Each structure stands twice: as C-alpha cells, then as structure tokens.
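Inspection log for the structure reproduced underneath, given as structure tokens.
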Amino acid sequence: MGTERRRGGRVTFERGIAAHMMGIDGTWRRDCTMEDVSETGAKLTVEGSVEGLHLKEFFLLLSSTGLAYRRCELVWVNGDQIGVNFLKPGDKKKAARRGQAQSAEA
C-alpha cells in the first residue's frame, strides 16, 4: 500500500460508513463510503465517476438531513478512492492571504 500521509491517528471502519459528497454550489452529489477518518481528513470510496466534478472543495454529508457535514478539499485519487482534508472555517481566507503575500513578494 501507499505511504501514510496523515499526521493524526485514524479510525478504520470494518464495513465503511455511508455518506454523500456534494458540490459547494449544490450542482452535483455522489454516494460514497467513508473507509477511514482522522481529525484532519478521510479516505472515501466514491460510487460512480468523479470525472468532470469540481473536487477542489466540496461537502462530505454524514447525515441524511445534511446537518452533520465537513467541508473538504481533494488530496489524492486512486481509482474509485479519494483522500480528502477537512477544511476549518477560515482556511479559505488564510489560503487567499498566503497567495496575496506570495504574489506581493514576486
């Protein structure tokens, strides 16, 4: 298998946990299974093709009502499995500030 990339401990589920992926703008949705999870991310097995989907940032819905969710960004793809990092509120703003600072230095 591949090298462990995650910093924190992880929980691996024997049968996986049913979940859904949904685009930030709500234009797409896919069923998936959460194979493992840590404080910072998860490994998902996606049902159906992810081709053409905007996976840079999306929601992982953990409940049927959508009340339990995490905002995610894609880290890696291996066939029908993907690795995601969980984004915290403000992560997008920090990344934008880093980008502005780097462009100002150039």
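Worth saying up front: this structure is predicted, and the values here are computed from it rather than measured. Just so it is clear, the values below take in all heavy atoms, side chains as well, and ignore hydrogens, waters and symmetry mates. In this chain, residues are counted from 1 in sequence order.
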Could you list the donor-acceptor pairs under 3.5 angstrom formed between side-chain atoms of residues 11-24 and any protein atom two or more places apart in sequence or on another chain?
from: His20; atom 1: ND1; to: Asp31; atom 2: OD1; distance (Å): 2.7

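For Ser64, there are no side chain to side chain contact (heavy atoms under 4.5 Å, CB included) partners at least two apart in sequence or on another chain. Remark: Val50 pairs with Val46, Leu53, Leu55 by the side chain to side chain contact (heavy atoms under 4.5 Å, CB included) rule, at least two apart or across chains. Remark: Thr27 engages Asp25 in a side chain to side chain contact (heavy atoms under 4.5 Å, CB included) (not counting sequence neighbours).
Of the residues listed (Leu60, Ile82, Leu44, Asn85), the one engaging Cys72 in a side-chain contact (heavy atoms from CB on, under 4.5 Å) is Leu60, and it is the only one.
Going from atom NZ of Lys88 over to atom OG1 of Thr40 covers 7.5 Å, rounded to the nearest 0.5 Å.
A pairwise comparison of heavy atoms in Ala42 and Phe86 identifies CB-CZ, 3.9 Å as the closest pair. Closest approach of Ser63 and Ala68 over heavy atoms only: OG-N, 3.2 Å.
Residue pairs meeting the ring pair (Phe, Tyr, Trp, His ring centres under 6.0 Å) criterion with at least one member in residues 32-60, sequence neighbours excluded, are Phe59-Tyr69.
Note: the hydrophobic cluster containing Leu61 does not contain Met34 (ILVMFWY, side chain heavy atoms under 4.5 Å, direct or indirect links).
Distance alone, capped at 3.5 Å, is enough to place a donor-acceptor pair between the Arg30 side chain and the Ser49 backbone.
In the hydrophobic clustering, where aliphatic and aromatic side chains (Ile, Leu, Val, Met, Phe, Trp, Tyr) are joined below 4.5 Å either directly or transitively, Leu87 stands alone.
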